[in-house]
Amino acid sequence: MLDKKFIIANADLVQQNCEHRGVKSDVGRYVSLETESRQIQQEIEELSRQANAVSKSIGKAKDDAEREQRKEEGRQLREQKDARQTEFDRLAAEAGAIYRSMPNMTHPEAPIGEEAHSRELRRGEHEVRPLGFPVLDHVELAAQHDLIDFEAGARIAGAGFYFLKNEAVLLELALQQYAIQLLVGEGFVPTITPDLARTEILHGVGFIPRGPETQIYSIENFDLNLVATAEITLGGMYADQVLDAEQLPLKMCGISHCFRTEAGAAGRASRGLYRVHQFTKVEMFAFTAPEQSEDMHNYFCDLECQIFDGLGIPYRVIDTATGDLGGPAYRKFDLEAWMPGRGESGEFGEVTSASNCTDYQARRLNIRYKNKGEKGTHFAHTLNGTAVAISRAIIAILENCQQPDGTILVPEVLQQWVGKDRIGATE
RNA sequence: GGACGGGUGGCAGAGUGGUCGAAUGCACCGGUCUUGAAAACCGGCGUGCCGCAAGGUACCGGGGGUUCGAAUCCCUCCCCGUCCGCCA
C-alpha cells in the first residue's frame, strides 16, 4: 500500500508510475473518491459526537419523560449517521479497490519499460565458457545418475512433481546447510517456517489466493494456503507488531517448501526441474528503518552473488524493468545462472530474486517501529531475497559441473555435506 | 476431537451497561534531590484518522447483533491455557 497522503499530494507522479509498471489504475478517480469520502467521514464524526453527547445526558436525566425524549433524539441521530455511513462505505469500497491495485513507487534507477528493458548490472566471478564436449541437460544427467524420478512424481501428484533421489537429496541438504551457515555467520536469525499460512497473511504480503489464475494452492475447508515462498511466513511473522528502532535492521532467513500452481505457465520453457509445483527454498528477509533499506537491498544481492560465486557457477545480475516488477517491489535484482543444457546452446535462467518493498508490504501487514522516547510509530521497510532456490540451483550445478566422462563434480563448498567430490564415479 | 477457563495499553493486571480510552504496578521520558549514581519524591506517558490548534472520532482478539448508550449482554469465528482422548 502507498501512503494515502502521498497519493493525494502526488497524483500525477503516482499515475505515471502506474503506467511505467503496466498497471491500469485511475489515480484521479481515487483522489476524488477519497476527498469526497473524507468529507462524509467528517459528517459522520459530527453526528457521532452529537449522538454520544445525547447518550451521556440520558444517564443524568432527571425524569422519565426527559429520558424518553432524549432516547428518541439519540435514535434519530444514529439513523442519520447510519445513512451517511452507507454512503461512505460505498465510496470507500470503490476507492479501496483502486487503492489496492496501485503498485509501489519505483526506484529512480530502475529501467523503465517491459521485460526486455531489464538491465544487466554485472557478472559473477566465473565466466561463461564452452565446456568443450557434448553437453547434457539436467534431465538427461539426472536420468544417467538416477537422481530424479519425474514419472513417479507425476504418478503420485501429477506433472510438475518429482522425487529427488540419491545424490540429489544430498545436494539439496548440502545447499540448505551451505546457505544457512553463511547467513547465520552474517547475523541472520535462522528459521524453519510453516509451509501453510492464512489467507490474510498472503494478502498482506501481496499474494492473492483463490482468484482466477492464482499461483497459490489453497486447502479445502480451511482458511489455509500452501506458501509459494517463505517471504509469506517471514513477512507475516511480525504482522501487527511494533518493533523498537534499536532492533533494526532485523535479518531473518527461513527454510520452507514452496508450492506454485504455475497457472498460465504451460508451454513456457519449463523442462525438468525448472518450473515445478514444489521445491525447497532458503529465503532471506529483513525489516529495516527507511534509510537502511537500500543498503540492505544491495547487501542481499551481494550475498546471493557470494553464494553462487562460491558454487562456481557463472551468472549475471539483472536490474528488473518496471513493467516486470511485482506490486510490492520498489526495485528488484535477479541473479540468472548460466545453464549450459538450457535452450540450443545454453541460456541464463533465473535463480534468485531480491526485492526492496520499502514500506508497501509493511503498511498492509501493519509492521511498524518506534524510536525510543519519541511519540508515534513509523512503517518499517521490508526486503526479501532468495538465498537458494534448491531446484534451480540443482539444475545449475548438474549442468555446469558435468565432466567429459559423464561424471558431475560436486562444488567444493558442498562436499563436506554431500560426502563425496564427484557424482557417478566408478568406485 | 471433547470439557472448562481466558484474550484489555510496551509488559503485568483491574474493570460485568453510562461519569471508562480504561485503575494500579513495572518499564519508559522529563524534573527535584545528589560530587556522580541508586533510592525517594513530583510530573508526563497507547494507536490510527480529521484539524494550524483547541478539540473531535474510532479502536479493549476478528466479524455481526441488542441498546439512546457496549471492554461489559447475545451470536459467530480465531487464538491462548489446563485437563481428557487420539497420534508421529
Side-chain angles (χ1 to χ4, degrees), chain A residues 1-9 30-89 91-93 95-96 99-100 192-204 209-210 218-225 232-233 236-248 250 257 287 289 359-380:
Chain A
M1 308 279 94
L2 294 174
D3 180 0
K4 292 183 177 179
K5 284 180 187 165
F6 177 85
I7 300 170
I8 291 169
Y30 172 79
V31 170
S32 66
L33 284 167
E34 186 68 19
T35 310
E36 194 182 342
S37 68
R38 283 190 182 195
Q39 196 83 40
I40 296 173
Q41 176 82 48
Q42 302 258 24
E43 294 174 35
I44 290 169
E45 289 187 4
E46 173 58 19
L47 287 166
S48 289
R49 189 189 64 74
Q50 291 174 21
N52 287 344
V54 167
S55 291
K56 275 187 183 168
S57 76
I58 290 175
K60 296 173 192 135
K62 52 185 183 303
D63 56 46
D64 278 356
E66 182 182 339
R67 201 166 289 130
E68 282 311 313
Q69 190 199 331
R70 291 275 153 148
K71 280 192 189 181
E72 183 52 32
E73 206 176 320
R75 256 192 292 270
Q76 282 178 14
L77 282 166
R78 305 238 179 226
E79 267 171 35
Q80 289 175 42
K81 191 199 85 173
D82 287 348
R84 296 312 279 154
Q85 185 71 48
T86 304
E87 175 66 2
F88 175 84
D89 290 346
L91 296 177
Y99 182 53
R100 281 187 299 276
I192 295 177
T193 88
D195 284 342
L196 285 81
R198 292 181 201 285
T199 302
E200 183 190 351
I201 298 295
L202 291 255
H203 281 154
R210 298 185 204 259
S218 295
I219 308 294
E220 192 175 12
N221 297 330
F222 292 87
D223 179 32
L224 286 171
N225 311 274
I232 292 167
T233 44
M237 208 170 173
Y238 287 93
D240 294 317
Q241 304 290 304
V242 180
L243 301 161
D244 287 330
E246 302 100 276
Q247 292 175 264
L248 304 178
L250 179 57
H257 290 117
F287 304 89
D359 60 359
Y360 189 92
Q361 262 179 349
R363 276 176 204 283
R364 284 195 180 181
L365 289 166
N366 191 28
I367 301 170
R368 293 168 295 162
Y369 70 94
K370 195 178 170 68
N371 288 312
K372 206 182 174 80
E374 191 183 294
K375 212 171 143 55
T377 58
H378 312 274
F379 287 108

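Comparing atom distances between the A/Arg198 side chain and each of B/G69, B/C79, B/U57 picks out B/C79 as nearest. For A/Asn52, the side-chain atoms get nearest to B/A58 when compared with the rest of B/G69, B/C50, B/A58.
Using cut-offs of 30° and 60° for the angle between ring planes, the A/Phe287 and A/Tyr238 rings count as perpendicular.
Comparing the C1' positions of B/A22 and B/G15 gives a spacing of 8 Å, expressed to the nearest Å. The same atom, C1', is picked in B/G55 and in B/U72; the two are 28 Å apart, to the nearest Å. Comparing the C1' positions of B/G56 and B/G21 gives an interatomic distance of 14 Å, to the nearest angstrom. Going from the P atom of B/C60 to that of B/A71 covers 7 Å, rounded to whole Å. Atom name C1', nucleotides B/C33 and B/A39: the rounded distance is 11 Å, in whole Å. Taking atom C1' on both nucleotides, B/U82 is separated from B/A14 by 23 Å, rounded to a whole Å.
Under the side-chain contact (heavy atoms from CB on, under 4.5 Å) criterion, A/Asp223 pairs with A/Arg198, A/Thr199, not counting sequence neighbours.
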For nucleotides 46-48 of chain B, tabulate all protein N/O to nucleotide N/O atom pairs closer than 3.5 Å, reporting atom names and distance.
from	atom 1	to	atom 2	distance (Å)
B/U47	OP1	A/Lys370	NZ	3.1
B/U47	OP1	A/Gly376	N	3.2
B/U47	OP2	A/Lys375	NZ	3.2
B/U47	O2'	A/Arg368	NH1	3.2
B/G48	OP1	A/Thr377	OG1	3.1

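With a 3.5 Å ceiling on both atom-pair distances, the Watson-Crick or G-U wobble partner of B/C59 is B/G46. Nucleotide B/C41 has B/G31 as its partner under the Watson-Crick or G-U criteria, with both atom distances under 3.5 Å.
Remark: C1' of B/U67 and CD of A/Glu72 are 14 Å apart, rounded to the nearest angstrom. As a whole-Å value, the separation of A/Leu77 CG from B/U67 C1' is 15 Å.
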